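Only a predicted model underlies this, so the values are computations on that prediction, with no experimental measurement involved. For reference, positions follow the sequence shown, starting with 1.
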Amino acid sequence: TTRILDGTTIFISFVISIMVIVYTIYGYTYRLKNPYPGVEKPSIFAFIMLLLLGMIFFVVSFIFFKAHRETSKKHQKR
């Protein structure tokens, strides 16, 4: 039961982290190609921070996935 919820949570966190990375890249390139009149270009600092946040979230999700796999392998061997 909790193993099923752990797997679902890990999958959802992978999806969210990939969405953050994709939307960050897409949003930044879109704003560079289509700037708003009177508004300056988007900040490279904000782009890097959001990209870093998405990558950290992806790495943490991957670490939890590996731990979940090892735990489920131990339960299957018993």
### Task
Output all residues satisfying side-chain contact (heavy atoms from CB on, under 4.5 Å) with Ile56, sequence neighbours left out; order by chain, then residue number.
Leu52, Val60

#### Entry: Listed partners of Val22 passing side-chain contact (heavy atoms from CB on, under 4.5 Å), at least two apart
Ile18

Under the side-chain hydrogen bond (donor to acceptor under 3.5 Å, both in side chains) rule, what pairs show up with a residue in [range], not counting sequence neighbours?
range          : value
residues 49-58 : none
residues 46-57 : none
residues 41-66 : Ser13-Ser61

Which ILVMFWY residues can you reach from [X] by hopping between side chains whose heavy atoms are under 4.5 Å apart?
X     : answer
Met19 : Phe11, Val15, Tyr23
Ile63 : Val59
Tyr26 : Tyr30
Val20 : Ile12, Ile16, Phe57

## Note on the structure
Distance col, row Met49:CE vs Ile44:CD1, nearest 0.5 angstrom, shows 12.5 Å

### Message
Quick test of your reading: applying ring-ring contact (aromatic ring centres under 6.0 Å, His included), list the pairs with at least one residue in residues 31-52, sequence neighbours left out, ordered by first then second residue.
### Response
Tyr28-Phe47

### Query
Are Phe62 and Phe64 connected, step by step, through hydrophobic side chains (Ile, Leu, Val, Met, Phe, Trp, Tyr) whose heavy atoms are closer than 4.5 Å?
yes

### Task
Spell out, yes or no, whether Ile48 and Ile25 are grouped together once hydrophobic residues are joined by side-chain heavy atoms under 4.5 Å, including indirect joins.
yes

